[in-house]
Structures are given as structure tokens and as C-alpha cells.
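Order of the sequence lines sets the chain letters (A, B, ...), proteins ahead of strands, with each chain counted from 1.
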There are 2 protein chains.
Amino acid sequence: MALRYALLGLLAKNEATGYELTQQFKETVIHFWTAHHTQIYRELLKMEEEGLTHSKTVQQSDYPDKKIYTITDKGFAQLLEWMLNKPVNVPKLKDDLLLRVSMFHFIPTERAIDFLEKSKEHHQMGLMMTKKWQEENFPKGTYGENELGEYLTSEFGIRYMESWLSWCNWAIKVLKKKGES
Amino acid sequence: MALRYALLGLLAKNEATGYELTQQFKETVIHFWTAHHTQIYRELLKMEEEGLTHSKTVQQSDYPDKKIYTITDKGFAQLLEWMLNKPVNVPKLKDDLLLRVSMFHFIPTERAIDFLEKSKEHHQMGLMMTKKWQEENFPKGTYGENELGEYLTSEFGIRYMESWLSWCNWAIKVLKKKGES
DNA sequence: TTCTACATGTAATGAGTTACATGATTAC
DNA sequence: GTAATCATGTAACTCATTACATGTAGAA
């Protein structure tokens with residue numbers, strides 16, 4: 001159910017196509033939610049059936065036609081109702097790498113370090129990109145009226161990746177120390 | 001597919017019942033994976049059919065009968081094959097609270113602060129419990145042969161919650177500053 | 001010539017959630 | 001007397017993933 005509120009939240013700020021919403025998921029929502037484009041398109045269709053959104057099709061000459069979605073009053077009302085009155089579910093994480101880390105005692109130490117080094121690269125890249133995005137969108141910590149949420153969650157993303165990297169360095173040290181003995 | 005490797009990883013350390021595996025998920029695996037008991041029992045049945053695990057039923061007088069699962073050679077081989085040769089999937093997070101944070105511009109500032117305060121309590125409690133668990137299991141950072149993984153991931157959990165709390169305090173400051181103006 | 005961006009979707013399968021079911025014992 | 005612990009599961013449902021499908025334009 002929550003995917004729909006993520007989408008309504010984005011639409012409450014700006015009208016958008018399914019494609020654009022997918023891009024926004026990759027850029028900003030990724031810090032706390034994930035969804036495939038197939039899921040997004042399906043949810044948008046369902047929400048329109050239920051009158052939470054409204055769409056208009058725009059013909060384009062060079063590119064495929066697109067469908068621009070807007071949120072309806074009913075949609076916004078349901079979004080607020082969810083935000084204020086529905087219980088907050090516990091967070092759910094699925095981290096494939098940490099799952100492997102939890103079994104590092106089964107594989108050679110050098111191989112374990114390799115996993116961590118590769119994962120460091122990913123997080124370093126993600127951190128750089130998010131920092132750049134933050135500087136472009138909130139120079140010197142200034143944010144617009146309807147950008148408060150994005151400002152707070154992008155900072156969360158940055159801190160999360162930084163903490164990840166620091167843990168990773170610590171874990172590599174532990175492994176190297178173990179490798180020596 | 002990954003749930004099965006999480007279970008095989010635990011069974012490779014000790015034989016266990018579905019119930020015990022569920023408890024272990026709540027205690028240690030929670031830092032990087034989540035699963036309901038119904039899912040765990042289903043997966044255990046499937047794995048036994050495929051010869052990855054083996055079970056014996058133990059009759060008990062005071063308590064219900066229980067089924068103790070052990071990992072087979074085939075199961076351990078598949079676990080290693082997955083660990084060393086399968087691509088590492090990207091981590092997936094679903095955080096209901098951060099989803100709400102991303103829409104804080106739609107609700108009153110005091111209400112937003114309430115959400116964060118309540119969430120701080122949860123993370124503080126989790127942090128305390130994990131620290132206590134770590135001290136009991138790895139006093140002064142000493143871990144056993146087959147405990148390396150748990151040692152590394154529990155430290156991840158602690159750092160994650162600490163970073164969460166620090167972000168939370170920062171976010172509350174931002175909101176209070178906004179509330180003043 | 002191969003990849004990426006643009007743009008939207010269906011169908012099949014796999015994973016995860018919720019509600020229900022049973023029933024004794026022990027701690028508050 | 002109420003809740004929690006022990007212990008295992010089925011059935012129905014919702015949600016998420018993967019593979020497939022289409023087709024143009026511009027950049028490397």
C-alpha cells in the first residue's frame with residue numbers, strides 16, 4: 001500500500017509521467033524506498049481507477065506519447081489521512097552484501113576483503129552523486145517551501161552512506177588483523 | 001531466493017528448529033534481512049524437498065513436538081556456490097517513517113517533530129539491546145571461529161542506529177528552526 | 001554499431017503479509 | 001485472568017521481480 005503514498009507524495013509536488021516518477025525514485029526516493037518501473041505503471045493505473053489521480057495523454061512527434069498524471073483532491077485527502085492517522089510500519093531492509101558478510105567465516109579472508117572493497121566503490125560513487133545533487137538543489141542548506149522533505153531525506157542518504165563507508169573500513173581492518181594471525 | 005541462503009547460513013553454524021531460526025532473525029539477522037515465521041517454515045519445507053536440509057522430529061512431553069533441521073552437504077555446497085559466484089544484488093530498503101519524512105512539508109511542524117521523537121525512542125531501545133547483546137556475545141571484541149560474520153554485522157547494526165539517531169537530532173533542529181520563523 | 005534516453009506496458013512467476021488454527025505452561 | 005513462551009503450519013492475498021514487447025533519435 002505504501003508505494004501508492006510515495007507516488008502521491010511526488011505528484012502532490014508536481015504533475016509527472018510514470019517515466020519521470022521512475023527517475024525520481026532513482027534520484028531521491030532511493031534513500032528510503034525502491035520500486036521497479038513496472039510496479040509504478042501498474043500502481044498509477046490502479047490509482048486512476050480509484051479516482052486518486054487524473055491523467056492526460058500528450059502526443060509527441062519525435063518521442064513516444066506520454067501520460068501526465070496529476071493528483072486529485074481525493075488523492076491528496078487520502079495521502080494526508082495516511083500520513084497523520086495510519087500506524088508507522090517497521091522498516092524493512094534486504095541487504096545482499098551484509099547477508100554475505102554474516103557468513104564471512106566460511107570463505108577465505110582475501111575474498112571477504114574483496115567483497116568489501118567492491119562495495120566501498122559503490123557507496124563512494126553513490127555518496128558523491130548525492131552530495132552533488134544536494135549542492136545543486138539546496139545550495140548552502142537553503143530549501144524551498146515544498147522541498148523540506150527532500151532536504152531531510154537526502155541528508156539521511158548521505159549520512160547513511162558515510163556511516164556505511166566508515167563501517168566498511170573498520171571491517172576491513174578487522175579482517176586484515178585476522179589474516180595476519 | 002536469498003532467504004534460503006540466510007537460513008542455510010544459520011544452519012551451517014548450528015542445527016535449529018523453525019522457531020529458533022525465527023528468533024535468530026529477530027536478534028541478529030534483523031540488521032540486514034527481515035522474514036516472517038510463515039515464510040521461514042515454508043522455505044524450510046521446500047529446502048528439505050530439494051535435499052538441502054534434513055530434519056528429525058523430536059517428541060516433547062510438556063511442549064509441542066519440534067522439528068530440528070540440519071544442513072546437508074548439498075546444502076552447504078549450494079551456499080558456498082551462491083556466496084562466491086552469484087552477483088551481489090543491490091540493497092533494498094522500505095522505511096515507512098522516512099517516507100513520511102519526505103512529505104513533512106504537508107503537515108504541521110510540531111506533528112513532524114512528534115514522528116521523529118517517537119522514532120528516536122525505538123532506535124534508542126534497539127541500540128541499547130544490540131549493544132547489550134554484543135557485550136554478552138563478544139566481550140572486548142573477542143569472537144569465536146564461526147562468529148566473525150555476526151560480529152561484523154552486529155557492529156553494522158549499532159553504527160546504523162547511532163547514525164540514525166544523530167540524523168534524527170539534526171532533523172529535529174532543522175524543524176525547530178523552521179518553526180520559529 | 002552499440003548503447004543510452006525516451007516512454008509505456010503485459011504476463012508469469014516469486015516473495016512477503018495477514019488471518020486463522022491449536023493448545024499446554026508459566027509468569028505477572 | 002491475561003499475556004507471553006513454546007511450536008508448527010495452511011490459505012488467501014498482495015506486492016515485487018523478471019522477461020518480453022515496441023520503436024525512434026542521438027551520442028560514443
Spacing of [X] atom [atom1] relative to [N] atom [atom2], expressed in whole Å:
{"X": "A:Gln24", "N": "C:dC6", "atom1": "CD", "atom2": "P", "result": "13 Å"}
{"X": "A:Leu99", "N": "C:dA15", "atom1": "CG", "atom2": "P", "result": "14 Å"}
{"X": "A:Ile68", "N": "C:dC6", "atom1": "CD1", "atom2": "C1'", "result": "14 Å"}
{"X": "A:Leu7", "N": "D:dC15", "atom1": "CG", "atom2": "P", "result": "12 Å"}
{"X": "B:Tyr5", "N": "C:dG14", "atom1": "OH", "atom2": "P", "result": "13 Å"}
{"X": "A:Lys56", "N": "C:dA7", "atom1": "NZ", "atom2": "C1'", "result": "17 Å"}
{"X": "A:Asn89", "N": "D:dT14", "atom1": "CG", "atom2": "C1'", "result": "14 Å"}
{"X": "B:Glu20", "N": "D:dC6", "atom1": "CD", "atom2": "C1'", "result": "10 Å"}

Problem set entry | DNA chain C: 5'-proximal contact among B:Trp33 and A:Lys66 (nearest heavy atom) |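 Of the two residues, A:Lys66 wins.
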
Does [X] put a side-chain nitrogen or oxygen below 4.0 Å from OP1 or OP2 of [N]?
{"X": "B:Lys92", "N": "C:dA15", "value": "no"}
{"X": "A:Tyr19", "N": "C:dT8", "value": "no"}
{"X": "B:His36", "N": "C:dG16", "value": "no"}

Exercise. B:Lys56 and side chain to side chain contact (heavy atoms under 4.5 Å, CB included): which partner among B:Lys66, B:Glu15, B:Lys67?
Worked result: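 Of B:Lys66, B:Glu15, B:Lys67, side chain to side chain contact (heavy atoms under 4.5 Å, CB included) with B:Lys56 is met by B:Glu15 alone.
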
Exercise. Quick one: which of B:His37, B:Gln39, B:Glu43 gives a side chain to side chain contact (heavy atoms under 4.5 Å, CB included) with B:Tyr41?
Worked result: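 Among B:His37, B:Gln39, B:Glu43, the one meeting side chain to side chain contact (heavy atoms under 4.5 Å, CB included) with B:Tyr41 is B:His37.
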
Exercise. By a strict heavy-atom criterion of less than 4.0 Å, which residues belonging to residues 37-47 of chain B are in contact with DNA chain D?
Worked result: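 Of all residues in residues 37-47 of chain B, the ones placing a heavy atom under 4.0 Å from DNA chain D are B:His37, B:Thr38, B:Tyr41, B:Leu45.
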
Salt bridge [X]-[Y], side-chain N to carboxylate O under 4.0 Å:
{"X": "B:Lys131", "Y": "B:Glu135", "result": "no"}
{"X": "B:Glu155", "Y": "B:Arg159", "result": "yes"}
{"X": "B:Asp96", "Y": "B:Arg100", "result": "yes"}

For this session: Using the rule that two of Ile, Leu, Val, Met, Phe, Trp, Tyr join whenever any of their side-chain heavy atoms come within less than 4.5 Å, decide whether B:Met125 and B:Leu97 are in one cluster.
Result: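 Different hydrophobic clusters.
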
Exercise. Which nucleotide, D:dT8, C:dC6, D:dA16, lies nearest any side-chain atom of B:Thr17?
Worked result: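 The listed nucleotide nearest to B:Thr17's side chain is D:dT8.
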
For this session: Can you figure out which of C:dA15, C:dA7, C:dG16 approaches the side chain of B:Met1 most closely?
Result: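 Comparing C:dA15, C:dA7, C:dG16 against the side chain of B:Met1, the answer is C:dA15.
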
For this session: Would you kindly compare B:Asp65 and B:Lys94 by the position of their nearest DNA chain D nucleotide and give the one closer to the 5′ end?
Result: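 Its nearest nucleotide lies further toward 5', so the answer is B:Asp65.
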
For this session: Mark yes when over 12 heavy atoms from residues, nucleotides or ligands other than A:Lys86 sit less than 6.0 Å from its NZ; otherwise mark no.
Result: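 Result for NZ/A:Lys86: open.
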
